[in-house]
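We use all heavy atoms of the structure for the numbers below, so side chains are in, but hydrogens, waters and symmetry mates are not. Proteins get letters first, then strands, A, B, ... in listed order; numbering begins at 1 in each.
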Amino acid sequence: MPELPEVETIRSQLAPRLTGRALVSVEILDPRLTRPIDLFEVAEELEGDTIAAVERRGKYLVLRMESGLALLVHLRMTGSFGFEPTSHERAVLGLDDGTRLAYRDVRRFGTWLVLENTEVEPYLAGKNGPEPLGPRFTTDWLVARLSGRRAPVKAVLLDQRVAAGVGNIYADEALWRARVNPLMPAESLDPDEVRRLRRAVRAALRTGIERQGSTLSDYRTPEGSRGGMQEEFKVYGRDGLPCRHCGTTIAKTRVGGRGTWYCPRCQPHGAG
DNA sequence: AAGATCGCCTGCAGGC
DNA sequence: TGCCTGCAGGCGATCT
């Protein structure tokens, strides 16, 4: 599932191919993509406009148009972009250099939203907290966000207003790196654990970006290649396998309805 | 009011 | 072989 590293990889591969290109055709094939806005209305708004920049905010991909409009794409679970025709295409962009860019989304959770320039920042700021790789994601910030929260620390970490772009995979990977049990009440972490967690989130995301994301089944980069991060997984999806640090069998549980993997020895419940 | 649960979607794995 | 069930999970809506 596309999280920050996957979306950043997509952004970095799309940017050189899209920047400065005009959209000569915009075909939206699934009304769910732009719901509740009519798909023809969205297509008409974009058609003829030129892409000024391709940016990312949290898990959002942001196509800034020269007109001042912006297209906000959220890939949710299975959204992806590609230059080769494929199955499950939900939208197709035609560029003025002849490029055909398809948006693929098997499970149809992804969304496309067109906003005016002035609406973009307030919208994104309402959904997203600081970029975890940016200067605002400090230990003090994380301490403040975890305090008073009795929910499992993993549930809080998945809140996009706490750390924009962290999803299920990188949350588990970060908690393992920080040696923090995902079920610990967020408010129970001591300052050193929070400091480790901040570092671990950043390290896990950086590794994910370096490896161009993780490919489990659907995710591909726009150039069509698989990510390599799945080879780096320390805990995600590894129940029954030995912990890469201590050899203890990785356990699986559920937190907030999501599959959650951890090492019972490296990430004990109760003490850090 | 924070926290838990549900619904949206589709493909695939596993059981019989 | 083919049907059925469960599972994957981001996020908004809904309930407690």
Check your understanding: Has A:Arg76 got a side-chain N or O lying under 4.0 Å from the OP1 or OP2 atom of C:dC11?
Key -> no
**Study point:** Interatomic distance, A:Leu158 CG vs B:dT5 C1' [rounded to whole Å]
**Key:** 16 Å
Review point. B:dA2 phosphate, OP1 or OP2: any side-chain N/O from A:Arg150 under 4.0 angstrom?
Key: no
Practice item. Determine yes or no for a side-chain-to-main-chain donor-acceptor pair under 3.5 angstrom, with A:Arg196 supplying the side chain and A:Ala178 the backbone. Key: yes
Practice item. Looking at every strand, decide which applies to A:Gly259 at a 4.0 Å heavy-atom threshold: base, sugar-phosphate, or nothing. Key: sugar-phosphate
Review point. Hey, do the aromatic rings of A:Trp112 and A:Tyr103 have their centres closer than 6.0 Å?
Key: yes
Review point. Under 4.0 Å: is that the gap between some side-chain N or O of A:Arg149 and OP1 or OP2 of B:dG3?
Key: yes
Review point. Hey, does the side chain of A:Lys59 come within less than 4.0 Å of C:dC11's phosphate (OP1/OP2), counting only N and O?
Key: yes
Check your understanding: Do you know which of A:Arg57, A:Arg136, A:Lys59 makes salt bridge (charged side-chain N to carboxylate O under 4.0 Å, His left out) with A:Glu131?
Key -> A:Arg57
Review point. Could you state the NZ-P distance from A:Lys154 to C:dG10, rounded to the nearest angstrom?
Key: 8 Å
**Study point:** Side chain of A:Val106 (C-beta onward), nearest among C:dG10, B:dG11, C:dG12
**Key:** B:dG11
**Study point:** Whole-Å distance separating the OH atom of A:Tyr170 from the C1' atom of C:dG10
**Key:** 15 Å
**Study point:** A:Arg202 to A:Phe137 six-membered ring, cation-pi geometry met (6.0 Å, 45°)
**Key:** no
Revision key, fill the gap. From CE of A:Met1 across to P of B:dT10 the rounded distance in Å is 18 Å
Exercise for review: Tell me which nucleotide among B:dG3, B:dT10, C:dG12 gets nearest to the side chain of A:His88.
Suggested key: B:dT10
Exercise for review: Between B:dA4, C:dG12, B:dC9, spot the one nearest the side chain of A:Arg35, thanks.
Suggested key: B:dC9
Review point. Taking atom C1' of B:dA13 as reference, at what distance in whole Å does atom CG of A:Asp239 sit?
Key: 14 Å
**Study point:** Nearest-nucleotide pick for A:Arg32, side chain only, options being B:dC8, C:dC7, B:dT10
**Key:** B:dC8
Exercise for review: Measure the distance from CH2 on A:Trp112 to P on C:dG10 and round it to the nearest whole Å.
Suggested key: 22 Å
Review point. Side-chain donor-acceptor pair under 3.5 Å between A:Glu232 and A:Thr207, yes or no?
Key: no
Review point. Below 4.0 angstrom from OP1 or OP2 of B:dG11, is there any side-chain N or O of A:Arg108?
Key: no
Check your understanding: Just to confirm, is there a sub-4.0 Å distance from OP1 or OP2 of C:dA8 to any side-chain nitrogen or oxygen of A:Lys252?
Key -> yes
Review point. Would you say A:Glu187's side chain and A:Ser147's backbone share a donor-acceptor pair under 3.5 angstrom?
Key: no
Review point. Do the side-chain N or O atoms of A:Gln160 get closer than 4.0 angstrom to the phosphate oxygens (OP1, OP2) of C:dC11?
Key: yes
Point to revise | Nucleotide C:dG12, atom C1' - distance to OH of A:Tyr60 in whole Å | key: 10 Å
**Study point:** Under 4.0 angstrom between A:Arg107 side-chain N/O and C:dA8 OP1 or OP2
**Key:** no
Study note, to complete from the structure: A:Leu146 atom CG is separated from B:dA2 atom P, nearest whole Å, by 15 Å
Exercise for review: Tell me whether the OP1 or OP2 atom of C:dG10 has a side-chain N or O from A:His74 closer than 4.0 Å.
Suggested key: no
